[in-house]
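In this text, all values refer to a predicted model and were calculated from it rather than measured experimentally.
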Amino acid sequence: MGMMFAGSHAWAQPASGHPASEHKELRVAAAADLQPVMSALSQQYERATGVKLVVSFGSSSTLATQIIDGAPMDIFLGADFTYPEKVVAAGLADGAPTAYARGRLVVWARKDSGLLPLSLETLIDPRVKTIAIANELHAPYGFAAASALRKMKLYDKVSSRLVVGENITQTAQFVESGNAQLGLISLTAANTEHFKEIGTYVLVPFSQYPEIRQCAVVMKNSDRRADAHAFLDWLLSPAIQENWAKVGLAAVK
């Protein structure tokens, strides 16, 4: 899934003067739902501060495990509260998990799937034999998707059709490639130019799943702690929070 984010103009933030000689880097462990967003965000941050973000993606569970096992990271951007809290419990975080965004879940299908117009009822359409979902034990969007199916009393009807991705990026690839007919994926993926071009989606109402409250923690043992906190503060700034909706996230407030 390419970085098909709608261009960095969404992040209206003036570049500040910074000495080019300071080639600082920040190591960021980012939940897979941020993959479509981070490229433009990184460019924007580097322009504003001179700090380059070196980003590793994975499911929140995998990233938390890697960090606890000693992977050198400066900040962890999870897709929920639970996995950053595990890093706190391991004594590795500088402070409590801080919410920086809220995730949104959608049902997505290719335009050539023969299933349009799409609705939540399409999940139980007899023509649908495969539905992609992220692993609910490892991926917060998977947990949200499974919770939504249970709350809508659909889980038992569709459980035999579920195709499970390790993280939300892989889940989106399953349905993008046509290996699954429907996908419960992040709005960040559905919102990319590529996914808008080849597919369509319906939002799963917030009322149908536990809030995907995406939290971050700065690593206590990082030698770039101050830079990591500065980056987190920037994510919490109005300039970013007010623009989350353009990339498929919601502001924390």
Which pair of heavy atoms, one from Q241 and one from A251, lies closest together, and at what distance?
OE1-CA, 3.3 Å
Is any side-chain heavy atom of S59 closer than 4.5 Å to one of Y83?
no
Residues in salt bridge (Lys or Arg N to Asp or Glu O under 4.0 Å) with D227, at least two apart?
K24
Do you know the tightest heavy-atom contact between A30 and L63?
O-CD1, 3.3 Å
Approximate separation, where rounding is to 0.5 Å, of S222 OG and L92 CG
12.0 Å
Heavy-atom closest pair (A216 atom, L77 atom, distance to 0.1 Å) is CB-CD2, 3.5 Å
Test item: I168 and F57 side chains (from C-beta on) under 4.5 Å apart, heavy atoms
no
Measuring from I124:CD1 to I131:CD1, what's the distance to the nearest 0.5 Å?
9.5 Å
Between R150 and Y209, is the side chain to side chain contact (heavy atoms under 4.5 Å, CB included) condition met? List the steps.
CA-CA 9 Å; R150 290 186 180 104; Y209 55 94; over 6 Å; no
Distance-minimising heavy-atom pair for S113 and Q181
CB-O, 4.5 Å
Would a 4.5 Å heavy-atom cut-off, applied to side chains only, mark L34 and T188 as touching?
no
Would you check if R161 and K129 make a side-chain contact, meaning some heavy-atom pair closer than 4.5 Å?
no
Same apolar cluster (I L V M F W Y, side chains within < 4.5 Å links), V54/F76
no
Note: L105 and A145 closest approach over all heavy atoms is CD2-CA, 3.6 Å
Do the side chains of E25 and R224 get nearer than 4.5 Å, heavy atoms only?
yes
Which heavy-atom pair separates A228 from I75 by the least distance, and what is that distance?
O-CD1, 3.8 Å
Answer with yes or no whether the hydrophobic clustering places F174 together with L182; edges join I, L, V, M, F, W, Y residues whose side-chain heavy atoms lie under 4.5 Å apart.
no
Answer whether the closest heavy-atom distance between the side chains of L149 and V158 falls below 4.5 Å.
yes
List the steps, then state whether side chain to side chain contact (heavy atoms under 4.5 Å, CB included) holds for T98 with L232.
CA-CA 9 Å; T98 302; L232 182 52; 4.0 Å; yes
Donor-acceptor pair, distance only, cut-off 3.5 Å: does the side chain of N243 make one with the backbone of A239?
yes
CA sep, side-chain torsions, deciding dist, call: E166, T62, side chain to side chain contact (heavy atoms under 4.5 Å, CB included):
CA-CA 9 Å; E166 182 49 36; T62 301; 4.0 Å; yes
Short side-chain to backbone donor-acceptor contact, N191 and K246, under 3.5 Å:
yes
Could you measure the distance from the CZ atom of R225 to the CE atom of M219? Nearest 0.5 Å is fine.
11.5 Å
Rounded to the nearest 0.5 Å, how far does OG of S207 lie from CE of M152?
9.0 Å
Are Q214 and D33 linked by a side-chain donor-acceptor pair shorter than 3.5 Å?
yes
Any Q66 side-chain heavy atom under 4.5 Å of S56 side chain:
no
Side chain to side chain contact (heavy atoms under 4.5 Å, CB included) filter on A190, not counting sequence neighbours, yields V106, W108, I185, L187, Y201
Among V252, T82, D80, which residue meets the side-chain contact (heavy atoms from CB on, under 4.5 Å) test with R213?
V252
Same cluster (ILVMFWY, side-chain, under 4.5 Å), V55 and I67:
no
Residues which pass ring-ring contact (aromatic ring centres under 6.0 Å, His included) with Y45, listed by chain and number, not counting sequence neighbours:
F231, W234
Beyond-backbone contact of L120 with V204, side-chain heavy atoms, under 4.5 angstrom
yes
Identify whether Y141 and F81 are in the same connected component of the hydrophobic contact network (ILVMFWY, side-chain heavy atoms under 4.5 Å).
no
Just verifying a value: how many Å separate D94 CG and H229 NE2, rounded to the nearest 0.5 Å?
3.5 Å
When rounded to the nearest 0.5 angstrom, what distance separates NZ in K52 from CD in Q43?
9.5 Å
Before giving the answer on side chain to side chain contact (heavy atoms under 4.5 Å, CB included), spell out for E176 and F195 the whole-Å C-alpha distance, their side-chain angles and the decisive distance to 0.1 Å.
CA-CA 8 Å; E176 176 216 22; F195 272 68; 3.6 Å; yes
Tell me whether L184 is reachable from F143 by hopping between hydrophobic residues (I, L, V, M, F, W, Y) whose side-chain heavy atoms are closer than 4.5 Å.
no
Are more than 12 heavy atoms, taken from residues, nucleotides or ligands other than K111, located less than 6.0 Å from that residue's NZ atom?
yes
